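Structure first, then comments.
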Amino acid sequence: MAKKPKTAIQPTRQEDYPEWYQQVIRAAELAEVSPVRGCMVIKPWGYSLWENMQAVLDKMFKDTGHENAYFPLFIPMSFLEKEAEHVEGFAKECAVVTHHRLEPGPDGGLVPAGPLEEPLIVRPTSETIIGSMYAKWIQSYRDLPILINQWANVVRWELRTRLFLRTAEFLWQEGHTAHATEQEAREETMQMLKVYADFAENYMAMPVIQGEKTAGERFPGAVATYSIEAMMQDRKALQAGTSHFLGQNFSKAQEIKFQDQNGQEVFAWTTSWGVSTRLVGGLIMTHADDDGLVLPPRLAPKHVVILPIYRNDEEQATVLEYCQKLSEELSSQSYDGQPIRVMIDKRDLRGGEKNWYHVKRGVPIRMEVGPRDVAADSVFMARRDTSDKSGIGRREIVQTIGKVLKEIQDGLFERARQMRDDNTHEITSLDDFHSLFPPTDDDAKGPATGGFAICHWKESPEVEALLKERKLTIRCVPFGEENAQGTCIFSGRPSQGRAVFAKAY
RNA sequence: CGGGGUGUAGCUCAGCCUGGCUAGAGCGCUACGUUCGGGACGUAGAGGUCGCAAGUUCGAAUCUUGUCACCCCGACCA
């Protein structure tokens, strides 16, 4: 008999974190690499998860006054050229469409024909195309604010790709707003960052640090970029969402102007903000374990899977009938304002195999129902987050299911927060900084050493060089730390605040 | 775009150095049987133009050249 692996996923997080990540995605059937270089196929389980994220975020956007719209996939190349920094930021990774037709080639294949007068780029982001429309739509202060979001795919021609974290094409939402005053635009930028933080923490159960990006990490063309930063289980940072205050940079480049109440022609103030399918990667790396995915109940495609167990037709009939009733009773209960999402897995598979299938996919609660349970009017329940397993009366679990799910949701957040806090260090000396990030762990396959370092700093070439050498980045300057008084641990000069340093995805 | 590596069954790979009958293994898949409350076992099967193209040879997965694709490491990035 073959030796049973101890964990469903191999290697474990400890042995080889990047490989573990890929194996979780495969085992949980979230996505696969596609025949198209750098692009992924999101499979039903993964897409369902994304749909749940979309549904929650979409409601949050609408509750804050935004409307959805849709702008073209293609952007005239000249549009991108308008904002200098923006060009520089994206030019290197644009897919360019140069022809509009295919013709039979000399060797039997097809060759592009019908060259375009002006090449089109596939949107890497939509500031320019949306801005060009805003320029038309906005004439008066009465036309403002414009608060629009779009759900779309974008393409950034990445060389090194990883499923969900960095793919050439990805799905996201991008909010684009225009305002009459700087203050209003700044408030919008902050409001949406808060929405993201709320979503990350309360739905994904992923604790985040909110803060402002440093000049070097800023969105191309933005005046200020804010982000939410999460710590993955390997202690690396993941930028999970960004909100940009664009000032008047884009409105000046694109002539988005209006007459104010004094009849003066002035430029609008704009913002943009987005989160992407990268969040799925963040969810995996925050909660998944060596047995596969672990889903927070608020986003799980299914809350409960019922696994009928029987040996013969007679047992099958009674067990399935019982499962059906259980499913209906559970579905009539609610969690998070919605009916409990239940599925019965009736597939003709062995019990153990079927059980592991759902473990790997991260279903929060599994309920095994066999003849013994039917007889005792109970179920055998297993929690994905704690591996707690126990028999429980049917009536009891139906009544408490919502409470159990809440407990799981809260527990996941608490566990992640604990992990993050345990690995966040306030560093006050260069020696401590070096010992937190020793230079030798670059090729380590397990968790990165270090975690988050919070330290005083002052922007300078030396700091940049050191960070580059150690493959470290400044994640953000957390709110409240901008004006912290102190001494830069690198240069000894007066600090410009405290920032979070970490290795990052 | 620099440096390194790999292309053989759905997946992971062996075989290549030293050319030779019908190209292999594990997993997965199909059927049947025994099983079934934590990843079952047995038996029988299906599945490959050995990345592609030329060349050398009586004979090429194996040697040579070209070509394409992908992976890893650097530079860049949500």
Side-chain angles (χ1 to χ4, degrees), chain A residues 1-10 18-19 22-23 26-27 32-38 88-94 107 109 124-125 153-162 164-174 196 213 216-220 225 227-230 237-244 272-282 291-292 307-312 315-316 319 348-360 366-376 378-382 387 389-391 442-443 445 468-469 471 473 475 504-505:
Chain A
M1 194 165 87
K3 205 172 175 180
K4 237 188 288 181
K6 265 164 85 178
T7 57
I9 303 297
Q10 290 186 312
E19 180 62 20
Q22 292 194 336
Q23 293 303 328
R26 175 144 81 162
E32 280 178 29
V33 295
S34 75
V36 185
R37 179 198 171 87
E88 206 177 315
F90 289 106
K92 282 168 296 209
E93 49 186 27
C94 281
D107 303 323
T125 178
N153 58 339
V154 287
V155 168
R156 296 179 188 175
W157 210 260
E158 299 290 348
L159 301 177
R160 296 260 293 109
T161 58
R162 297 189 69 187
F164 291 114
L165 296 177
R166 173 160 292 110
T167 47
E169 178 193 22
F170 56 95
L171 306 183
W172 78 344
Q173 58 70 215
E174 46 182 327
Y196 290 154
K213 286 288 192 185
E217 302 274 334
R218 210 173 272 154
F219 177 76
T225 287
S227 71
I228 52 171
E229 300 284 334
L238 183 78
Q239 177 176 309
T242 50
S243 185
H244 315 290
S272 69
W273 29 273
V275 294
S276 71
T277 37
R278 174 176 250 206
L279 290 177
V280 177
D291 285 327
L307 307 166
I309 292 159
Y310 46 81
R311 267 175 288 191
N312 51 49
E315 285 180 357
Q316 174 173 359
V319 167
D348 180 20
L349 284 180
R350 293 175 48 76
E353 197 178 345
K354 201 189 276 188
N355 196 29
W356 277 105
Y357 174 84
H358 295 286
V359 170
K360 288 184 284 194
R366 306 186 304 283
M367 292 183 187
E368 295 180 25
V369 174
R372 293 208 292 273
D373 303 295
V374 176
S378 66
V379 303
F380 189 76
M381 182 178 91
S387 348
K389 284 171 270 194
S390 59
D442 283 356
D443 297 324
K445 293 197 162 176
K468 194 164 186 177
E469 183 200 318
K471 292 177 184 168
T473 55
R475 299 320 301 155
Y505 278 98

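Please read these numbers as outputs of a predicted model, since none were measured by experiment. All chains are named by letter (A, B, ...) in the order of the sequence lines, taking the proteins before the strands, and each is independently numbered beginning at 1.
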- Query: For atom C1', what is the distance between G51(B) and U6(B), given to the nearest Å?
  - Reply: 11 Å
- To the nearest angstrom, how far is Arg156(A) atom CZ from C77(B) atom P? 11 Å
- Query: How is Thr161(A) classified with respect to the nucleic acid when contacts are heavy atoms under 4.0 Å: base, sugar-phosphate, or nothing?
  - Reply: nothing
- Item | Candidate nucleotides G37(B), C73(B), A78(B), ranked by approach to the side chain of Glu158(A) - the nearest | A78(B)
- Message: If we ignore hydrogens and angles and just use 3.5 Å, is the side chain of Arg160(A) paired with the main-chain N or O of Arg166(A) as donor and acceptor?
- Response: no
- Task: Check every strand shown and say whether Ser276(A) touches a base, only sugar-phosphate, or nothing at a heavy-atom separation below 4.0 Å.
- Result: base
- Message: Without decimals, in angstroms, what is the distance between Glu217(A) CD and C77(B) C1'?
- Response: 10 Å
- Query: Which whole number of Å gives the distance between the C1' atom of G5(B) and that of C41(B)?
  - Reply: 40 Å
- Query: Hey, does Gly370(A) reach any base, or is it just sugar-phosphate, or nothing, if we go heavy atoms under 4.0 Å?
  - Reply: base
- Task: For Lys389(A), answer base if it contacts any base atom (sugar-phosphate contacts may also be present), sugar-phosphate if it contacts only those atoms, and nothing otherwise; contact means non-hydrogen atoms under 4.0 Å.
- Result: base
- Would you mind reading off the distance between Gln22(A) atom CD and C11(B) atom P, rounded to a whole angstrom? 15 Å
- Between Tyr196(A) and Thr242(A), what is the shortest heavy-atom contact and its length? CE1-O, 3.5 Å
- Could one point to a donor on the side chain of Asp373(A) or the base of G37(B) with an acceptor on the other under 3.5 Å away? yes
- Testing A78(B), G37(B), G39(B) for proximity to the side chain of Lys360(A), the answer is G39(B)
- Query: Which comes earlier along RNA chain B counting from the 5' end, the contact point of Phe380(A) or that of Tyr505(A), where each point is its nearest nucleotide?
  - Reply: Phe380(A)
- Query: Any donor-acceptor pair under 3.5 Å linking the side chain of Ser227(A) with the backbone of Glu229(A)?
  - Reply: no
- Keeping the roles fixed (side chain from Glu32(A), backbone from Arg26(A)), state whether a donor-acceptor pair exists under 3.5 Å. no
- Query: Taking the same atom, P, in A60(B) and in G20(B), what whole-Å distance lies between them?
  - Reply: 11 Å
- Between C50(B) and G7(B) - P atom distance, rounded Å: 15 Å
- Kindly point out which of A78(B), G37(B), C72(B) is positioned nearest to the side chain of Arg278(A)? A78(B)
- Message: Can you check the distance between G74(B) and U62(B), where both ends of the measurement are the C1' atom (answer in whole Å)?
- Response: 34 Å
- Non-hydrogen atoms of Leu307(A) and Lys354(A) that approach each other most closely: CD2-CD, 3.7 Å
- Message: Using a distance-only criterion (donor-acceptor N/O pair, under 3.5 Å, no hydrogens), is the base of U35(B) paired with the side chain of Arg350(A)?
- Response: yes
- Between Phe164(A) and Glu368(A), which is nearer to the 5' end of RNA chain B once each is assigned its nearest nucleotide? Glu368(A)
- Message: Expressed as a whole number of angstroms, how long is the span from Tyr357(A):OH to G28(B):C1'?
- Response: 15 Å
- Message: Determine whether a donor-acceptor pair (N or O, by modelled atom type, separation under 3.5 Å) exists between the side chain of Lys213(A) and the backbone of Arg475(A).
- Response: yes
- Query: Base, sugar-phosphate, or nothing for Leu165(A), non-hydrogen atoms under 4.0 angstrom?
  - Reply: base
- Reckon Phe219(A) touches a base, only the sugar-phosphate, or nothing at all at heavy-atom distances under 4.0 Å? nothing
- Task: Rounded to whole angstrom, note down the C1' distance from C27(B) over to U65(B).
- Result: 37 Å
- Mind pulling the stems RNA chain B is in, i.e. runs of at least three Watson-Crick or G-U pairs, everything under 3.5 Å? B:1-7 with B:68-74, B:10-13 with B:24-27, B:29-34 with B:40-45, B:51-55 with B:63-67
- For Phe170(A), answer base if it contacts any base atom (sugar-phosphate contacts may also be present), sugar-phosphate if it contacts only those atoms, and nothing otherwise; contact means non-hydrogen atoms under 4.0 Å. base
- Query: Which of these nucleotides, A78(B), C36(B), C72(B), is closest to any side-chain atom of Arg311(A)?
  - Reply: C36(B)
- Message: So, does Lys471(A) get its side chain near the phosphate of G74(B), meaning an N or O under 4.0 Å from OP1 or OP2?
- Response: yes
- Message: Whole angstroms only, please: what is the CD1-C1' distance between Ile9(A) and G39(B)?
- Response: 12 Å
- What integer distance in Å separates Arg160(A):CZ from G2(B):P? 18 Å
- Any donor-acceptor pair under 3.5 Å linking the side chain of Glu315(A) with the backbone of Arg311(A)? yes
- Task: Please test His244(A) against Arg218(A) for side chain to side chain contact (heavy atoms under 4.5 Å, CB included), starting from the C-alpha separation and ending with a verdict.
- Result: CA-CA 9 Å; His244(A) 315 290; Arg218(A) 210 173 272 154; over 6 Å; no
- Task: Taking all heavy atoms of Ile9(A) and all of Asp291(A), pick out the closest pair and write down the distance.
- Result: CG1-C, 3.7 Å
- Task: Calculate the interatomic distance between Glu169(A) atom CD and A78(B) atom P; express it in whole Å.
- Result: 18 Å
- Item | Short side-chain N/O contact to C77(B) OP1/OP2 from Lys213(A), under 4.0 Å | no
- Name the closest nucleotide to the Arg26(A) side chain, picking from C11(B), G37(B), A78(B). C11(B)
- Query: Think Arg372(A) has a side-chain N or O under 4.0 angstrom from the OP1 or OP2 of G37(B)?
  - Reply: no
- What is the nucleic acid contact for Gln239(A), judged by heavy atoms within less than 4.0 Å: base, sugar-phosphate only, or nothing? sugar-phosphate
- Message: Taking C1(B) as the reference, what is the distance to C16(B) when you measure between their C1' atoms (whole Å, please)?
- Response: 32 Å
- Message: Can you see if the side chain of Arg162(A) gets near the phosphate of C77(B) - specifically, an N or O under 4.0 Å from OP1 or OP2?
- Response: no
- Task: Measure the distance from CG on Asp348(A) to P on A40(B) and round it to the nearest whole Å.
- Result: 13 Å
- Query: With a cut-off of 6.0 Å (strictly less than), are more than 12 heavy atoms of other residues, nucleotides or ligands near CH2 of Trp172(A)?
  - Reply: yes
- Task: Between C29(B) and G24(B), how far apart are the P atoms? Round to whole Å, please.
- Result: 23 Å
